[in-house]
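The block underneath contains the structure these notes are about, expressed in structure tokens.
Each chain gets a letter, A, B and so on, in the order the sequences are listed, and its residues count up from 1.
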Amino acid sequence: MDEKRTLAEIKSAKLEAKDAERVAMQTFRDKSALLEVYTKASIKLYKQLVQMKAKQHQVNSAKIIERDLNVLEANTDDLAQRVFNAVPSPYRRRKDFLWNQLIRAYAWEGPFKKAIDLYHEMVDFGVKPTNYTYPVVLKACAALRDTETGVKIHGDLERLGLGADVFVCTALVDFYVKCGCLGQAWEVFDGMPHRDIVAWNAMIAGCAAHGLFGDVLGLVLEMQEEGVSPNSSTLVTILPVIGEANEVTLGKAVHGLCLRKGVYGDVVVGTALLDMYGRCGLLNYARRIFDGMSLKNEVTWSAMVGACITCDSMEDGLQLFRQMRAENSGDSPSPVALAAVIRGFAKLIDVEAAKQLHGYTLKLGSILDLMVGNTLLSLYAKCGIINDALRFFEEMNFKDSVSYSALISGCVQNGMAEEALKLFRKMWLFGVEPESATIMGLFPACSYLAALRPGRCAHGFSIRRGFTEDVSVSNALVDMYAKCGKIDVARIVFNKMHKRDVVSWNAMIIGYGIHGLGLEAISLFQNMLVVGQKPDDVTFISLLSACSHAGLIAEGMQWFHSMGKQFSIKPRIDHYLCIVDLLSRGGSLEDAYKIIREMPLEPDIRIWNALLSACRIYKKVELVEEISNKIQSLGPEGTGNLVLLSNIYSTAGRWDDAADVRVMQKGLGFKKIPGSSWIEVDRVIHAFLGGDQSHPESARIHAKLLELQAEMKKMGYSAEANFVYQDVEEEEKELILLYHSEKLAVAFGLLNIHGKSPILVTKNLRVCGDCHTALKIITIITERRITLRDTVRFHHFYNGKCSCGDFW
DNA sequence: TTAGGGTTAG
């Protein structure tokens, strides 16, 4: 574009605008329209000039022109308003087009509020709006999500019988779509006697925004049946939906349609096409389109880099990014492409490379984009360096709900659920609006902590915001209630869901499993098959572990055998783990060992661990030596298991062997995870480590436990010293057991939760055998219900019994 | 037309 010519054009447009103004002022006639056209034209030309300067990297001149532009834009409103104000009242009353013209000027690019205010003023003034007025006002309502005015207009239209106009109806559809009221949009759309391409596109865009793949497809077919052919705008709307739904065949069909319609050369269509192929995992197709495009813009390049990353082709992505940089050396790199590359490094867990890239772009002088910052934040969290993520978060100048969401879920993934809850509160305090993804990160934090109260609050909040409409949010909700001990509430939420996916069913089956309700889990699984929901690999892990916790050995074996035969799901190592666990905890150690020997996969440490734990419970020391050899042949991977091995030697009184194992363990740099338990009292979560004396109420807690111990002894309890694996005096063993983290938390609960309220304690490891026995007796002494949730299930203690029937 | 945060199991 020629700069001089542009400047000349602006000049003449300005002059003409001035003329128009003069003429308009004199005649009060429809010159106002002319005036608007001229002013808009010069604004458009100015905008082109700014872009030109920016492209040439003349930042300062671009800024100066931009300032002029702002003045001009501000004046447009003034200008139009001045003309309007000059019109005498009686004339104004008669001429609706004057109002329409001004409303249209405001509704075009804002300020939208003025358009709506003017519309109200017009009605109050006694001027009747026309079919020309409504679409324009509705556009402003849509922009501001002003449902009140929009809905009122809709009502007026129905009363006046003006609702048949294509433009008005299309504007109504668009208004409802933009306000998220899809139902109302459908209603208007279905009632239209004629629909043009714009109406179809509006409705399609609405369904696309809600991810309704089936509806989008149906509409596209229907419009063609009615003789309306999709245009490039339609195609560009449906392509991302097709990509999201992974519908390759359909995508290829649309590709063909693009070729037939000759819109293939369009940059926007081309970009949407390559993006679709990228999402479907067909990188070669995407690349072929990219290479064939004669005109590419920044979006095209960024989309291509993103496609490479999505398809795990890091090398190609990086190469394209470098090429992009080389071709636009003066510009800052596109934040979208940069974020894509960082995402690629996150996938590879290559923090160093990502940091280098980050530093490099900072050096280039690009302002740190919020999106890029958020990508980095999530990179740190995903790579497990959560402290770096927290530090980076503090250093960020701008934070939005995505930043908070990324950090909240990052904390949970790194076992810092309490920090996640704190962050959520902080976010609330700073007035940052949580989104559905934030809640999806928050629920797992509540699940982890068994923190029902914040979970319930977040549930209420989600209902008010309509988040629970989202299947994934409801899935997380089901999981939260189940893990907080409210299995019946979980089921109610599950039943109320109007749409369920495989994750919903899995979450519910898992819920039954951790509550030891194996039969319910099986029954739900059968229900799932009846309604036609296909199970996946996770379903079987959930089902098998549910059988395992409930001691349903025959049922578990039956489903294990059918998963390959009936459902064509190849058992993974995790499935074998469940089945070995099921058999060995049920006492069939030989059968379990047989499965291990015959399985087509190499048994890993967890498999041996399951068998080894059972060896301890059933005191089968003869198998231990054999397993121990197998474990040692695993090399460094076997380290974690040495804890158990040394424990078994200790139990058998073979202290020297136990010590040898521990020395070996130390050499391999293994750290035992300390057992910790926590309990919520008055909205505060109190955490305890084994033998912990750091709690302010420590003295009272210890005294309470000693008091309980004395009573327990009267009832025939003796500490099961073989759960202590250190070679120490019996008396000391007793104390080590007495101050186990779960007992500390229970004692704290008894001291601080008054009346007969039940006590809920959560533990980060599996419950210790001695604690299990002790808690049963404590429920008799205190007449309290105590629930202990460990890593695999709930134990409900009451009246000397446990819901697990001592099978755990 | 591209883009950051997200649910179940182990």
Side-chain angles (χ1 to χ4, degrees), chain A residues 232-233 235-237 239-240 243 266-276 278-279 293 296-307 309-310 334-343 346 369-379 381-382 399-410 412-413 434-444 447 467 470-480 482-483 500-511 513-514 536-546 572-578 581 604 606-607 609-610 791-792:
Chain A
S232 61
S233 165
L235 296 168
V236 159
T237 312
L239 279 167
D266 187 327
V267 205
V268 180
V269 175
T271 306
L273 264 175
L274 82 81
D275 173 63
M276 180 274 294
R279 284 175 204 261
M293 285 168 75
K296 302 181 185 89
N297 60 19
E298 194 184 285
V299 180
T300 319
W301 280 88
S302 307
M304 194 60 228
V305 173
I309 302 304
T310 310
S334 145
V336 179
L338 178 60
V341 178
I342 294 176
R343 201 156 42 85
D369 189 273
L370 179 61
M371 192 226 322
V372 176
N374 289 340
T375 314
L376 278 166
L377 191 60
S378 121
L379 166 89
K382 280 185 187 140
K399 306 174 180 83
D400 65 357
S401 85
V402 176
S403 327
Y404 278 95
S405 309
L407 199 58
I408 287 173
S409 45
V412 185
Q413 282 152 17
E435 290 173 296
S436 65
T438 324
I439 301 296
M440 265 185 247
L442 188 72
F443 281 141
S447 296
F467 293 160
D470 189 329
V471 186
S472 307
V473 172
S474 287
N475 292 344
L477 190 57
V478 168
D479 176 70
M480 186 274 290
K483 297 226 173 100
R500 297 180 194 98
D501 59 11
V502 68
V503 178
S504 329
W505 292 90
N506 292 351
M508 197 62 226
I509 292 174
I510 290 157
I514 58 176
D536 66 1
D537 49 343
V538 178
T539 316
F540 282 97
I541 293 174
S542 323
L543 184 66
L544 295 177
S545 71
R572 284 199 330 238
I573 191 97
D574 304 73
H575 297 99
Y576 281 103
L577 176 61
C578 289
D581 191 56
D604 70 1
R606 295 170 303 161
I607 300 263
N609 194 30
T791 38
V792 291

Just to be sure I understand the rule, does [X] reach a base, reach only the sugar-phosphate, or reach nothing, if contact means heavy atoms closer than 4.0 Å?
{"X": "A:S401", "value": "base"}
{"X": "A:N297", "value": "base"}
{"X": "A:D536", "value": "nothing"}
{"X": "A:R279", "value": "sugar-phosphate"}
{"X": "A:A406", "value": "sugar-phosphate"}
{"X": "A:E435", "value": "base"}
{"X": "A:K399", "value": "nothing"}
{"X": "A:D537", "value": "nothing"}
{"X": "A:K382", "value": "sugar-phosphate"}
{"X": "A:R343", "value": "sugar-phosphate"}
{"X": "A:V236", "value": "sugar-phosphate"}

- Side chains of A:T438 and A:S401: donor-acceptor distance under 3.5 Å anywhere? no
- Note on the structure: Bounded by its outermost nucleotides with an atom under 4.0 Å from a heavy atom of chain A, the footprint on DNA chain B reads B:dT1 to B:dG10
[X]: what forms a side chain to side chain contact (heavy atoms under 4.5 Å, CB included) with it, not counting sequence neighbours?
{"X": "A:D275", "answer": "A:R279"}
{"X": "A:D266", "answer": "A:S232, A:V268, A:V269"}
{"X": "A:S447", "answer": "A:D479, A:M480, A:K483"}
{"X": "A:T310", "answer": "A:R343"}

- Task: Apply side-chain contact (heavy atoms from CB on, under 4.5 Å) to A:N506 and A:D536, showing your working.
- Result: CA-CA 9 Å; A:N506 292 351; A:D536 66 1; 3.2 Å; yes
- Set of residues satisfying side chain to side chain donor-acceptor pair (under 3.5 Å) with respect to A:D537, sequence neighbours excluded: A:R572
